[in-house]
Participant: 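If you scroll down you'll find the structure; I have some questions about it.
Order of the sequence lines fixes the chain letters, A, B, ..., with proteins taken first and strands second; residue numbering starts at 1 for each chain. Predicted model, so just to flag it, every value in this text is computed and none were measured. The basis for the numbers below is simple: all heavy atoms, side chains too, and nothing from hydrogens, waters or symmetry mates.
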Number of protein chains: 2
Amino acid sequence: MKKEVIKTHSTCTGLIQPVSDALYVLSGKWKIPILISLTFGNKRFGQMAKEIPKITEKMLSKELRELELNQLVKRTVYDTIPVVVEYSLTEYGHSLDKLIFELATWGSEHRKRIIGK
Amino acid sequence: MKKEVIKTHSTCTGLIQPVSDALYVLSGKWKIPILISLTFGNKRFGQMAKEIPKITEKMLSKELRELELNQLVKRTVYDTIPVVVEYSLTEYGHSLDKLIFELATWGSEHRKRIIGK
DNA sequence: CCGGATCCAGCGCGATACTG
DNA sequence: CAGTATCGCGCTGGATCCGG
C-alpha cells in the first residue's frame, strides 16, 4: 500500500511571504483605524485625533507618516494661517476598502466567540 | 438653506471596534502563517515547525494555544507512543480562508511598492 | 515527539511637556 | 492647528534548558 504524500507543502509556504508583506505595511496598533477613518472621506489631523478613540497625537502622527511612506495615504498642506493639513487615501489606499470591510464583517460575527480579553 | 450633516462619522467609528476585535484574535507574529499552513490540510506539530520559516517551537505552541482558545483551530491528540498531535482548522477557522487569500493577493501586488524594510 | 518553564532583550506604545 | 521631544514601562518574542 502506498504512502500518501502531501503536495500542498510548497503552495502553503509560498503564500506566507506575500501575506507577511501585506501585514508589514499594516502593522501598528492604529493603522487600520486610521485607514477606516479616511475611507469615509478626507480628514484633518485634529479631526482624526478626535474621531479615533484613545489615540494620542504622537501615535497618529507616527503612523500617518508610515502610511504616507508606503503610499497608502496622501498628505496635503494648505499654506494658510494657521496651517491646514488634510489627509486622504490614495487610489492605492482605496484598494484596501474591500478588505477592511470584510474584516469588519468578520469581526462583527466573531464578537460572540471571543474568549480571552 | 440647511446645513449639510456628515452622517458617515458614526459609521466610521462604528467600524473600528469590529475590526479591532477581528485583529485581536489574529494578533501575534505567527497567527496568520499558522492559519495559512492549516488551510492546506491538517498538520502535526513538528511538521508545522519545519514548514513555517523561522518560527520557534515556543511561539508555535503559544500561538496555537491562543488560536485553539478562540476556536479557530482544533487540537486532536492520538494516544499512541510516542504521542501524535494533529492540528486542523475548525469550520469557523475556515471562514477566514477568503480573507487570507485576498490578503495574499493584495500582498503580491503590493510588494513593488513597499518602501521601508 | 510534543511541548512547558524560565530568563531576558528590544521596542512598541503611552504620558507628559514643548514648539512654529 | 499640527505636530516634536523625551522618558520609561510592559509585553512580545527569542534562546535555552527541562519533562512526559
Participant: Nearest whole Å is fine: how far is dA2(D) P from Glu68(A) CD?
Facilitator: 15 Å

Participant: Supply the atom-to-atom distance Leu60(A) CG to Phe45(A) CZ, rounded to the nearest 0.5 angstrom.
Facilitator: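 These two atoms lie 4.0 Å from each other.
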
Participant: One pair to check against ring-ring contact (aromatic ring centres under 6.0 Å, His included): Tyr92(B) and Trp106(A). What are the steps and the verdict?
Facilitator: CA-CA 11 Å; Tyr92(B) 192 56; Trp106(A) 192 86; 5.7 Å; yes

Participant: Among dA2(D), dG3(C), dT4(D), find the nucleotide with the atom closest to the side chain of Val85(A).
Facilitator: dA2(D)

Participant: Specify the angle, to 10°, made by the local axes at the two ends of the helix from dC1(C)-dG20(D) to dG20(C)-dC1(D) when five pairs are taken at each end.
Facilitator: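 About 50°, once rounded to a multiple of 10°.
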
Participant: Taking OP1 and OP2 of dC1(D), is either one under 4.0 Å from a side-chain nitrogen or oxygen of Arg44(A)?
Facilitator: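 For Arg44(A), the contact criterion (side-chain N or O under 4.0 Å from OP1 or OP2 of dC1(D)) is not met.
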
Participant: Mind calculating the distance between OH (Tyr87(A)) and C1' (dC1(D)) to the nearest angstrom?
Facilitator: 11 Å

Participant: Rounded off to whole Å, could you give me the CG-to-C1' distance for the Leu60(B) and dG3(C) pair?
Facilitator: 10 Å

Participant: Within this structure, what is the CD-OG distance for the pair Glu66(A) and Ser61(A), rounded to the nearest 0.5 Å?
Facilitator: 10.0 Å

Participant: In whole angstrom, give the distance that lies between atom CZ of Phe45(B) and atom P of dC2(C).
Facilitator: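 Value for this atom pair: 8 Å.
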
Participant: Expressed in angstrom and rounded to an integer, what is the separation of Glu57(B) atom CD from dT6(C) atom P?
Facilitator: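 The answer, rounded to whole Å, is 18 Å.
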
Participant: With a 4.5 Å heavy-atom cut-off, do Thr76(A) and Tyr87(A) have their side chains touching?
Facilitator: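 Answer no - side chains too far apart.
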
Participant: How long is the line joining CE of Met48(A) and P of dG3(D), in whole Å?
Facilitator: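 One finds 10 Å between P of dG3(D) and CE of Met48(A), rounded.
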
Participant: Rounded to the nearest 0.5 Å, what's the gap from CD1 on Ile34(A) to CE on Met59(A)? Could you check?
Facilitator: 10.0 Å

Participant: Which nucleotide, dG4(C), dA2(D), dT4(D), lies nearest any side-chain atom of Ser61(B)?
Facilitator: dG4(C)

Participant: Nearest 0.5 angstrom please: Ile36(A) CD1 to Ile16(B) CD1, how far?
Facilitator: 5.5 Å

Participant: Atom CD1 of Ile52(B) and atom P of dC2(C): how far apart are they, to the nearest Å?
Facilitator: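 It is 14 Å, rounded to the nearest whole Å.
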
Participant: Across nucleotides 7-20 of chain D, 5' to 3', mark each nucleotide with B, S or - according to how protein heavy atoms within less than 4.0 Å reach it.
Facilitator: ------BBB-----

Participant: What distance separates Asn42(B) CG from Glu86(B) CD, expressed to the nearest 0.5 Å?
Facilitator: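 So the gap between those two atoms works out to 4.5 Å.
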
Participant: Between Lys112(B), Arg113(B), Arg111(B), which is the residue that forms a salt bridge (charged side-chain N to carboxylate O under 4.0 Å, His left out) with Asp21(A)?
Facilitator: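 Filter result, single survivor: Arg111(B).
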
Participant: Within this structure, what is the CZ-to-C1' distance between Arg65(A) and dA5(D), rounded to whole angstrom?
Facilitator: 12 Å

Participant: Thinking salt bridges, do Glu102(A) and Lys98(B) make one under a 4.0 Å N-O criterion?
Facilitator: yes

Participant: Looking at Arg75(A), I'd like to know whether one of its side-chain N or O atoms comes within less than 4.0 Å of OP1 or OP2 on dA2(D).
Facilitator: no

